[in-house]
Amino acid sequence: MIEMLDPKLIRNNPEAVKKGLKNRKAEASLVDRFLAVDEEWRKLTTEIDELKAKRNKVSDQIGEMKKKKEKADDLIAEMKGFSSRIKELDDEQRKIEERLKAISLEIPNLPHMSVPVGINSRDNLEVRTWGKKRKFSFKPLPHDEIGKKLGILNFEQAAKISGSRFVVYKEMGAALERALINFMLDLQIKENGYTEVLTPVMVRPSSMLGTGQLPKFEEEMFRCRDDELYLIPTAEVPITNLHREEILPAGSLPIKYVGYTPCFRREAGSYGKDVKGIIRQHQFNKIELVKFVEPEKSYKELEGLTLDAEKVLQKLGLHYRVVELCTADLGFAAAKTYDLEIWFPSENEYKEVSSCSNYESFQARRANIRYRPSRDAKPEFVHTLNGSALAVGRTFAAIFENYQQKNGTIQIPEALQTYMGGISTI
RNA sequence: GGAAGGGUGGCCGAGUGGUUUAAGGCGCACGCUUGGAAAGCGUGUAUACGCUAACACGUAUCGAGAGUUCGAAUCUCUCCCCUUCCGCCA
């Protein structure tokens, strides 16, 4: 049965779990509801197990007697109807399990003890910045206007072929997007030791369950009409599911993947938000880092993963800040999250280009991903982490804004020039 | 789109109602043997849950679910998945 949190943790430390839930503004009474149903389930399970033990024993006896050509009619008569009683209890048990599962699915992950307690996103903590805001001798334009003027971003044609929240990249715009993808991939593969994967972008419902998009966030995803397939909202889904239902052998951790995929999001409920430009699109490109690690190392690995993502911004020379999300702003499955935010001069605002999270065993439980600590040891759940490195479209927009010149051209960051055929200006 | 075949332990693979508490093999671990190794021989080798201080014990799991039966890997039904061939196609 899928458990979101370790049931033993809830049984043994209900007060600690409640406190964690309160801190992230989740319903703490979930704990008491869970414990009540859990108790019911365990009582019934013990009873059922005893009945089944008797059934198995008597059936064996009957088999033994038949083998010896003895009459077993009395025993068979005695057992008539026995299984139907078991079946009734089995049905009851199944109903209880469904209730237990429904409650479990509602329980979010617990914040790590290092996460600052807060009541909303204003309590997020800026942990460091890199670089400085550029000083402009002219009024910086928003990225979409720059793109339109240069004729390399076209929103009208995108709307014609696909509707709002889509964009067509042209000429050096398309080339820049492509350069960013290759640059980001190469960096993680060659310098940070990640294994490259190129996965399907359409997945089954079972994969969406594995990483937690289903059942809660169904309305956020695009689904095929005639096939049971969803378009992925992030590469986290196919990559984390690579090892679903597996027991990874001792010594195989950490496993580090980097993958490029387009991502698809319906953005239901975001009407009116980020309507201009390419900040919030139904389809966007993203490079994703995913790690499978040993539990005791996962927080060290989170720091490393965040630095791996930051390195992209540093090489591109983009000023950014690292924000640690407070308990109230954490995503449903995350225990701790750092966001990377780039400064956008046209709005004098920082925008998220990466979110790096430690899920601890939360996803591993759902997706049943385990490992062996040593050769003969019992399997344990891995810890999973992932982070964007980076959202390509937003990085593209940030380059437009931060590298724009007074004459309307855009400088290409040095690190990208070899990926752009050596040119230095658009 | 059409047709066929198949899902059994870490892997291969037997198994059509009761010593199958899943044969046998491979792999792996330990031991015996050896100067050392190989071979050979022997022993062991799933997961989850419950109950336990622990050992032990119990229950479930042969793709999933339901049915028949005292008893199902095995019989019946429904579904899922995989493979192959034909057709179409980048």
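Proteins get letters first, then strands, A, B, ... in listed order; numbering begins at 1 in each.
Base pairing annotation: B:C62 forms no Watson-Crick or G-U wobble pair, as no partner gives both donor-acceptor distances under 3.5 Å. Remark: B:U43 base-pairs with B:A29; criterion is Watson-Crick or G-U wobble with both hydrogen-bond distances under 3.5 Å. With both pairing distances under 3.5 Å, B:G7 is matched to B:C80 as a Watson-Crick or G-U wobble pair. In this structure B:U20 sits in no base pair that meets the Watson-Crick or G-U test at under 3.5 Å. With a cut-off of 3.5 Å on both Watson-Crick or G-U wobble distances, the partner of B:U69 is given as none. Pairing of B:C88, defined by two Watson-Crick or G-U wobble distances under 3.5 Å, is not identified with any nucleotide. Here B:U74 sits opposite no nucleotide as a Watson-Crick or G-U wobble pair (both hydrogen-bonding atom distances under 3.5 Å). Both distances falling under 3.5 Å, in either a Watson-Crick or a G-U wobble arrangement, occur for no nucleotide opposite B:G35.
A:E301 and A:K291 are joined by a salt bridge, as a carboxylate oxygen and a charged side-chain nitrogen come within less than 4.0 angstrom of each other. A salt bridge does not link A:R394 with A:E352: every distance from a Lys NZ or Arg NE/NH1/NH2 to an Asp or Glu carboxylate oxygen is 4.0 Å or more. Here A:E288 pairs with A:K286 in a salt bridge; the nearest charged N to carboxylate O distance falls below 4.0 Å. Between A:E191 and A:K315 there is a salt bridge, since at least one side-chain N of the basic residue sits less than 4.0 Å from a carboxylate O of the acidic one. Ion pair A:K18/A:E15 flagged as a salt bridge, since at least one NZ, NE, NH1 or NH2 atom sits closer than 4.0 Å to an Asp/Glu carboxylate oxygen. For the pair A:E39 and A:R42, the salt-bridge criterion is met [side-chain N within less than 4.0 Å of a carboxylate O].
Nucleotides B:U33 and B:G42, compared at atom P, are 16 Å apart to the nearest Å. Going from the C1' atom of B:G58 to that of B:A3 covers 48 Å, rounded to whole Å. Comparing B:C80 with B:G71, their C1' atoms sit 28 Å apart, to the nearest whole Å. If you take atom C1' in B:C81 and the same atom in B:G63, they sit 7 Å apart, rounded to whole Å. With P as the reference atom, B:U52 and B:C75 are 40 Å apart, rounded to whole Å. Across B:A22 and B:C62, the matching C1' atoms stand 8 Å from one another, rounded to whole Å. Distance noted for atom P between B:U8 and B:A14: 11 Å (whole Å).
Taking 4.0 angstrom as the limit, A:S83 places none of its side-chain polar atoms (N or O) nearer than this to OP1 or OP2 of B:U69. For A:K87 and B:A66, the shortest distance from a side-chain N or O to OP1 or OP2 is not below 4.0 Å. Phosphate proximity of B:G18 to A:R55: absent, as no side-chain N or O sits under 4.0 Å from OP1 or OP2. For the OP1/OP2 pair of B:A66 and a distance below 4.0 Å, the side-chain nitrogens and oxygens of A:R94 include at least one atom meeting the criterion.
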Listed pairs, N/O of protein and of nucleotides 43-47 of chain B, under 3.5 Å:
residue	atom	partner	partner atom	Å
B:U47	OP1	A:R372	NH1	3.1
B:U47	O3'	A:R370	NH1	2.9

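The NZ-P distance, from A:K57 to B:G71, rounds to 17 Å in whole Å. Between A:L51 atom CG and B:C70 atom C1' the separation is 15 Å, expressed in whole Å. Atoms CG (A:N56) and P (B:U21) sit 10 Å apart, rounded to a whole Å.
Remark: A:D144 CG to A:I279 CD1 distance equals 8.5 Å, nearest 0.5 Å.
Ring-plane geometry between A:F166 and A:H282 is classed as tilted, the angle between the planes lying from 30 to 60 degrees on a 0 to 90 degree scale.
The side chain of A:S59 has B:C70 as its nearest neighbour among B:A66, B:C70, B:G50. Nearest to the side chain of A:I76, among B:G58, B:C82, B:C70, sits B:C70.
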